[in-house]
Protein chains: 4
Amino acid sequence: MRTAELCALRSLRLVEAPVPEPGPGQVLVRVKAVGICGSDLHDFSEGRIGDQECKYPMVLGHEPVGEVVQTGPGVSGWAPKDRVAVEPALYCYHCEFCLTGRHNICANIRFMSSPEDPGFFREFVSVPAGNLLPLPEGLGFREGTLFEPLAVVLHSMKFAALRPRETVAVFGAGPIGLLTILTVKMSGAGRVWAVEPVAERREMARAAGADAVIDPHAVEAWREILRDTGRRGVDVAIDCAAREDSTNQCIRAARNGGRVVITGIPVEIQLPLEFHVARRKELVLYNVRRSCHDSEAALQMLAEAPARFGAFVTHALPLERAQAAFEMLEHYSDGAGKVVLEP
Amino acid sequence: MRTAELCALRSLRLVEAPVPEPGPGQVLVRVKAVGICGSDLHDFSEGRIGDQECKYPMVLGHEPVGEVVQTGPGVSGWAPKDRVAVEPALYCYHCEFCLTGRHNICANIRFMSSPEDPGFFREFVSVPAGNLLPLPEGLGFREGTLFEPLAVVLHSMKFAALRPRETVAVFGAGPIGLLTILTVKMSGAGRVWAVEPVAERREMARAAGADAVIDPHAVEAWREILRDTGRRGVDVAIDCAAREDSTNQCIRAARNGGRVVITGIPVEIQLPLEFHVARRKELVLYNVRRSCHDSEAALQMLAEAPARFGAFVTHALPLERAQAAFEMLEHYSDGAGKVVLEP
Amino acid sequence: MRTAELCALRSLRLVEAPVPEPGPGQVLVRVKAVGICGSDLHDFSEGRIGDQECKYPMVLGHEPVGEVVQTGPGVSGWAPKDRVAVEPALYCYHCEFCLTGRHNICANIRFMSSPEDPGFFREFVSVPAGNLLPLPEGLGFREGTLFEPLAVVLHSMKFAALRPRETVAVFGAGPIGLLTILTVKMSGAGRVWAVEPVAERREMARAAGADAVIDPHAVEAWREILRDTGRRGVDVAIDCAAREDSTNQCIRAARNGGRVVITGIPVEIQLPLEFHVARRKELVLYNVRRSCHDSEAALQMLAEAPARFGAFVTHALPLERAQAAFEMLEHYSDGAGKVVLEP
Amino acid sequence: MRTAELCALRSLRLVEAPVPEPGPGQVLVRVKAVGICGSDLHDFSEGRIGDQECKYPMVLGHEPVGEVVQTGPGVSGWAPKDRVAVEPALYCYHCEFCLTGRHNICANIRFMSSPEDPGFFREFVSVPAGNLLPLPEGLGFREGTLFEPLAVVLHSMKFAALRPRETVAVFGAGPIGLLTILTVKMSGAGRVWAVEPVAERREMARAAGADAVIDPHAVEAWREILRDTGRRGVDVAIDCAAREDSTNQCIRAARNGGRVVITGIPVEIQLPLEFHVARRKELVLYNVRRSCHDSEAALQMLAEAPARFGAFVTHALPLERAQAAFEMLEHYSDGAGKVVLEP
């Protein structure tokens, strides 16, 4: 089978590899589509996610859907041709964090898209049966890949703890930002602001439900939001931008006692944070790591409005065009929203 | 009457001023003792607290206790010679933040120790009757001044949300740090680490209940804490240091899913924060601003153990030695813990 | 002016009374419409709300909207003809419960619709200016009365703390139940069940967004819900029924670790509760009392979808038909949803 | 080996049974001491716990400590003579409740002391290695048995969410009540009331730290508590009584917005609850089921103050006197606190 390997900074190559046998408790899955995540892009462009460095070669990709090919010994409940989404994280289930329901920060976590565990930019994978979820009827593979970023957004909602009519500012309208906008609106949010420098993405933000969009290259976004709210600020500011000073923008845009939710992954190792502002407002800053048992709810949401979500997937390319797909995302060119690879 | 005015950077002077008349609803109080807070020291040494600049001349001091001298029109419930603590904040009671019980971030808050509202480094003040609390019997004036910093610590406990046996690291063992150590131990904490560069203060931290003390100039504190905890980290890390990189030390010392409570006020306008570490651990960062209706509980705690708390007050100086008191604190000299002025 | 007085059990009469002068800080309001609440019906039919007995004569009604007629001394910001909603509760703002933002359980609360403070079933009232809220443009008086029950529902949402896709069972589809159904759906709820014996109200429940309706006289509702959910039960069960055993039905219908929110007011003084079931599931039972600063958000919600909400107001009668209105509600006859009086 | 079987209502008998072989992943433990829980007493005296009926014969007992005798295949980390506490619950680790950290309400939970899974009133048991915890040095077997009820109390503290200086009323001063009193005092509680009809237990409550004790047969407890608190009531009322109307007493004794934590298991299937009082105060009622990963913290607490806790264990009897032990508890005779069997 073919595998797209990251073999150096900004360099993907296709290699041949044997189809992995499904071991006991495992299922062999043919990957039909897998989204490219912002964290994949960090690895590609910077050779690291924050202080976690790549080890070449490695296989990225952790937003996979596909079809069951074969079940390994001891597996029941799955059959060939079953359409599935694959949860990319592996938990120990017995460390103190798993025991408190926080499997996403499991002390022994493994993640299929890291130096140690290859990801899904390949044709076939063998994964534990427990990591499979049925892809609902009527939900296509392309849109189905959104289950993983949407799960992250649903997880972030546990921290946002939105109440009806609360106002929200979303910084960044890439896939995570767009799904955040859509989710907060579906959750009863009042006025929602989207801050995004790319014009096409601002349009998508509007379509996703944003009441107002702001180009941060044209105006200072937090000032605009304070002006719109009579200097009050928003109840919740969500950082999906992962660029420059978006966390500080959140701090400045939030109301007294507001919540700042940091969903995106910044490029910088350190962020110079305006703590005096955060302190005077007594803000709470929530750091979000991936998701935690949110994939099933995400799949339900997608299945109820596949067209609405499908609009976020702007490009689908075959595996051999992986390098081009990443380069397109690097430049946010061609109006790229979510880009999906189809092995 | 005499008033100690901050008239320039690092410069206090004694001036004469008329005794203020108690207006309707007000009470004239003779200030018997008033503590020097770390935020007073920021104003003295840096001419600002973060981005809030001093306007000279201004009167600092917001940890006051004293005696009622005279009540203004319409005041009942107080009589001359009553021993009182004075809450230094003034709320509007009707903004949205007051209506949600968060008076400390009142949209119209005033604070008696700011450029607009003079503080308590003077012999007499007239304050709203509603700001007075009875000083419990058996609690002296010197120790009584601790009600205000202890209220801040009790407020911070709402965010720390400590459960029995949880482990805590306290960075900084100045007055706020010492009161934090003592309060978490009284609240059922398990092992508590105190991190403090000044040797005398480390001794005080031990006396306050710290199970281990660390000199951050001798070792890297977070590494030491991770080593002590088998690489797990602490449940709650509380930043009472307000110096250098203590917030990052908290982030590094906290366990996965831990809480970081920022009680101290940093010198720097911006802090370069290690968000990648915070994100991987999915930490929550709580910013604490002053206190919120915690003074009564603080006074009760002080009254139950006046000697234990009294040990934190290492120096009491008359008002005319205000300049010397601040200079002593600036250099943490003479083993200074809490320093109190007695007008 | 005319006032509808409750003068004995099940007996309202119209009496003449002088128009009240607006005192200092007060505003004279012409009542244009006022809804009949289930608690009014308790007073009418049972002579008490639980253990709080009526004292005759008393004036009920606490869901009022109207027009400003005249402002008293010291009032600014309001002018004759201003369209307003009137918050019926009076708080002290300084007791410990007000200081923690829980004004609805103020130790000194007064409520305009109780034996001591007359309600709004009359032509004119004088109320503190602070109790007025602007009625948004485009929102009629009839629908406007829903601001008060909707505020109660929004308040109950603080306890329900709904997360996207969570399932909900609502017991009772009177006005509170209908507004609850609509609000949870607008807040991102997944599947919602409505349990209601009156056929017309079940239809209204469907229109409000319920995915399934159950007639509790035809089947045992909790069994049906457990069957529908594969024996799991719902995340949140909300008791808006205030009849018979609805709280126990909630306990039986909730999933392990679920939340039971009791919004309705039961007729009985005591409820024989199935604590063994509640204990095995480790349920939390939230008791809801009125609302707490939720009227503004309620008015916004109404203004965004006046037609949708307006459908709940099935009858509007003049003040002189108050007796008939209550009798209609007593028998849930004529497909009565919300019934409004128009003085 | 000998086993004490419950063979009929109020009837225990000693039978011989083979020593169970430790299977794969299991450990054979010699039971050295096992406490008698209130729920064991329910089974003994009433033939049921609420609506869960006994099936005879069954083996009770779920507060066990002992020594490792032999490890089964695949077990590492334990050796003969290791002193251990044994967690009596068996979880599936993969149901939705386990995945959210609420293993105590696991959909597939099994409990070693139920009709299906025999308990620990016997000389030897074979249990999964994962259920063992090391008994800390210096902690004797007798006191060690308290780890299980103390874990329940620590679990209940998650709901009590006590803040420093909050006041607490504890209804019932049996073992659970006494451990609750001690734990809330160690957690920074302010004034604590204990309500208990048995004089010896009131003395033990005082020794455990209660500031006031009330005999509910002499006075109406909730009235006394309201009187003591100036009609305010307590912040948290904890029902450890499991008798008569203690839950209603909690409701009446709690302050507005207070928390009622129901730790005890009532005899009655249904409790006639005063919801009108609960509603007016907007109380939250927390139902507590056993514990959830609290045993390790409990063992630490016991090890730090073995003498203090040991005072609660008033009687230790050999297994052959099980019938006498239960009868003593039934009548609360001989000043019985916690009674332990030593097989």
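What you see is a predicted model; the values in this text were computed from it and never measured. Within every chain, numbering begins at 1; the chains are lettered A, B, ... in the order of the sequence lines, protein sequences first and strands thereafter.
- Side-chain contact between A:Val29 and A:Phe120: absent, with no pair of heavy atoms (C-beta onward) separated by less than 4.5 Å.
- D:Pro115 is linked by a side chain to side chain contact (heavy atoms under 4.5 Å, CB included) to D:Lys55, D:Met58, counting only residues two or more places apart in sequence or in another chain.
- Minimum heavy-atom separation, A:Ala189 to A:Val168: CB-CG2, 4.2 Å.
- Using a 4.5 Å heavy-atom threshold, the side chains of D:Val84 and D:Val65 count as separate.
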Between chain D and chain A: donor-acceptor pairs at under 3.5 Å:
{"unit_1": "D:Leu99", "atom_1": "O", "unit_2": "A:His103", "atom_2": "ND1", "d": "3.4"}
{"unit_1": "D:Leu99", "atom_1": "O", "unit_2": "A:His293", "atom_2": "NE2", "d": "3.1"}
{"unit_1": "D:His103", "atom_1": "ND1", "unit_2": "A:Leu99", "atom_2": "O", "d": "3.4"}
{"unit_1": "D:His293", "atom_1": "NE2", "unit_2": "A:Leu99", "atom_2": "O", "d": "3.1"}

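- With sequence neighbours excluded, the residues forming a side chain to side chain contact (heavy atoms under 4.5 Å, CB included) with A:Pro118 are A:Val59, A:Arg122, listed by chain and number.
- Here the side chains of D:Pro64 and D:Phe147 are in contact, with some heavy-atom distance below 4.5 Å.
- Proximity to chain A (any heavy atom under 4.5 Å) is shown, for D:Cys292, by neither the backbone nor the side chain.
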